[in-house]
There are 2 protein chains.
Amino acid sequence: MADQINSVNYSTIVVNEGILSISNPFSLYHGKSIDNLQVAWRMSGPINSPVIAVLGGISAHRLVYSLDAPTQGWWRDFAGIGLSFPIDRYQVLSFDYLGGSGETTGPRGDAFPSISSYDQAELLCLLLDHLEIQRLNSVIGPSYGGMVALAFGERHPNRVSHLFIMSAADRTDPLSTAWRCVQRRTVEYALAQGQGEQGLQLARALAMATYRSREEFSERFRGLPRQNAGKFVFPIEEYLLARGKDYAARYKPDGFLCLSESIDLHCIDAANVSVPVTAIAVHQDQLVPIEDMRAMVKRLPQATLYEISSHYGHDAFLKEARALKPYLDSLLGE
Amino acid sequence: MADQINSVNYSTIVVNEGILSISNPFSLYHGKSIDNLQVAWRMSGPINSPVIAVLGGISAHRLVYSLDAPTQGWWRDFAGIGLSFPIDRYQVLSFDYLGGSGETTGPRGDAFPSISSYDQAELLCLLLDHLEIQRLNSVIGPSYGGMVALAFGERHPNRVSHLFIMSAADRTDPLSTAWRCVQRRTVEYALAQGQGEQGLQLARALAMATYRSREEFSERFRGLPRQNAGKFVFPIEEYLLARGKDYAARYKPDGFLCLSESIDLHCIDAANVSVPVTAIAVHQDQLVPIEDMRAMVKRLPQATLYEISSHYGHDAFLKEARALKPYLDSLLGE
């Protein structure tokens, strides 16, 4: 590993960031259009190396990894020198999602239309045109990013050679929709009180309970509740609320609403995705049942499913860098 | 079936209801005590037949079944003429839980102490004294009622011959605690706005998503969302919110808080439950993992576990009357 690190020339990793302004009205899949749409994008890697789009969950953003601020990239456990994704051999392209809390256009206290995973796929296509990228080596997409990858593969098979998706299916599962609907209704209720942040805390606490697995929580939080001002507080309650508070300080309630809804609206036609797909499913994923991924892979014309076991559940795409390395190696021709 | 109905003499089923007033301060397991505690109880069945206590979930009450108002009993699918539980052969005793929304003492907009399943067990014991019942034939307890049954069996083994519990363990699972904590925090947030009912709607919507199974929701709610005033509403969202609204009209937010917390505080010593136990676990139960019931049954001195499959998940104890009949028959010596 030390040799590998020594052999990398950091200076070859060039970072480009920008805001793409789309002057024509951008028509949305569910109707309506957006004027003056701005897309915040980032590309980093050795100049002229193959380009891979890496798109994360609804809380992800264009900063996939950063050599300057290594703790800031959302895929920091995977993408880096000597890690599972070789940043010295590929250019990584990403963007802030439409409708989210980042620097791409999104709701800012005003009414905002419903956004489809197809809309995000169209933005990716416009970015490729803008950056004069004819064809992506692949799209790597976990969670919502996998939904966008599938939408892109269906719409623009000539612009990508391979999809690598994790914990994402062609449509969402009603129980998972149920959990997200309660989250959105809670945020909406709090927004109506002028306290969106408090709703977002609760929603994120619930979301966290769905991202990990029962096993993980059983191992970590079997302890007794403690008394706080005469009130019992359970170990997992403290953990979830702390995560909710962190999140609410960094994300916008209406951006959360928009992208959470976009997950539930996601519905692509797997039979029309002619691009080869590698799919990773996690047995313990509470949000994307493994059966749904198996069923999708049967409908996809060219796909291989790998099933892994991880007590991180849906969050395996953020945590299981070592377990997923062989599949990435295979994608990237190691 | 028709013969059986004809052979029952309805007039032999006598209903007694009452409020037991406890004049001495009632000491609680988690500290503090309650003065002038009132317990609303109900007993129905043929005079002098063996007595079985039937205790339901936190939303249950003393009306287990009613011949006058058959739709009102919470165990109406099980207890009745020709159903799985023979009401013509046993007296059924039940009571409104301490701390809940019924006619037993509970929070009514004021601060209220934390209630343990042991406290409910003590109330049951006081009721037996009051009604001069030396020994129960059994306690049948699904969900929270099973927790109370276990607490009763640990504390008062000389007052009951058998426990029949469904979807309940000796302690709760952290992921299930997580879901309930979010429910309670949501209710508390809404109560702080003076709108407890709105919080209870959301909490119940979330709770409903945990009571049933993924399979059931997948079968029932695969449809597309509909547009309502320009906003997408998902089929499962409509269902859960309607259930939440119904519930919030009938239950008190602070009674819900108290009993929901009581579930998470539940922790008995299975090794000390010397009474024989029949336990029913449901593979699809999201709240009480089957592994927890298996582990408990290993710790119980005398117990048999039966595992069933039901797409009603945790709610099997309200819905699977036919599937559970053989186990009840075996308990009741049919």
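Reminder, nothing fancy here: chain letters follow the sequence lines and each chain counts from 1. What's counted below: heavy atoms across the whole structure, side chains too, no hydrogens, waters or symmetry copies.
- Contacts of A:Glu188 with chain B are made by side-chain atoms alone, with heavy-atom separations under 4.5 Å and no backbone atom involved.
- Annotation: maximal heavy-atom pairing with chain A below 4.5 Å, among B:Gln193, B:His30, B:Gln227, B:Glu216, occurs at B:Gln193.
- Taken to the nearest 0.5 Å, the OG1 atom of A:Thr210 stands 9.0 Å off from the CH2 atom of B:Trp179.
- Residue A:Tyr29 qualifies as open at atom OH: its count of foreign heavy atoms under 6.0 Å is 12 or below.
- Taking CG from B:Leu206 and CD from A:Gln183, the interatomic distance works out to 9.0 Å, rounded to the nearest 0.5 Å.
- With a 4.5 Å cut-off on non-hydrogen atoms, A:Arg184 touches chain B through its side chain but not through its backbone.
- Counting all heavy atoms, side chain and backbone alike, A:Ala209 lies closest to B:Leu175 at O-CD1, 3.2 Å.
- Only the side chain of B:Lys231 has a heavy atom closer than 4.5 Å to any heavy atom of chain A.
- Within the 4.5 angstrom heavy-atom criterion, only side-chain atoms of A:Arg171, from C-beta onward, approach chain B.
- Of the inter-residue distances, the one linking A:Gln201 atom CD with B:Arg185 atom CZ reads 9.5 Å to the nearest 0.5 angstrom.
- Both the backbone and the side chain of A:Ser176 come within contact range of chain B, judged by heavy atoms closer than 4.5 Å.
- Counting heavy-atom pairs under 4.5 Å between each of B:Pro174, B:Gly230, B:Cys181 and chain A puts B:Pro174 at the top.
- The most heavy-atom pairs under 4.5 Å with chain A, out of B:Ala205, B:Ser114, B:Pro289, come from B:Pro289.
- Here the CG atom belonging to A:Leu202 is positioned 8.0 Å from the OH atom belonging to B:Tyr189, to the nearest 0.5 angstrom.
- Of the listed residues B:Asp292, B:Thr186, B:Leu265, B:Leu241, the one with more heavy-atom pairs under 4.5 angstrom with chain A than any other is B:Leu265.
- For A:Ala190, the parts lying under 4.5 angstrom from a heavy atom of chain B are both the backbone and the side chain.
- Both the backbone and the side chain of A:Phe221 come within less than 4.5 Å of a heavy atom in chain B.
- In terms of heavy-atom pairs under 4.5 angstrom with chain A, the leader among B:Glu261, B:Glu291, B:Arg180 is B:Glu261.
- Between chain A and the options B:Arg220, B:Met208, B:Gln198, B:Arg222, the largest number of non-hydrogen pairs under 4.5 Å is found for B:Arg222.
- Atom CZ of B:Phe234 and atom CG of A:Asp264 lie 4.5 Å apart (nearest 0.5 Å).
- Between the CZ atom of B:Phe232 and the OG atom of A:Ser262 there is a distance of 10.5 Å, given to the nearest 0.5 Å.
- Using a 4.5 Å cut-off between heavy atoms, B:Leu224 makes no contact with chain A at all.
- With a 4.5 angstrom heavy-atom cutoff, B:Gln195 touches chain A via backbone and side-chain atoms both.
- Counting heavy-atom pairs closer than 4.5 Å to chain B, the top residue among A:Ser218, A:Pro225, A:Gly199 is A:Ser218.
- With hydrogens and angles ignored, the 3.5 Å screen pairs a side-chain donor or acceptor of B:Arg214 with a backbone N or O of A:Gln286.
- Taking each heavy atom of B:Ala178 and A:Ile236 in turn, the nearest pair found is CB-CD1, 3.7 Å.
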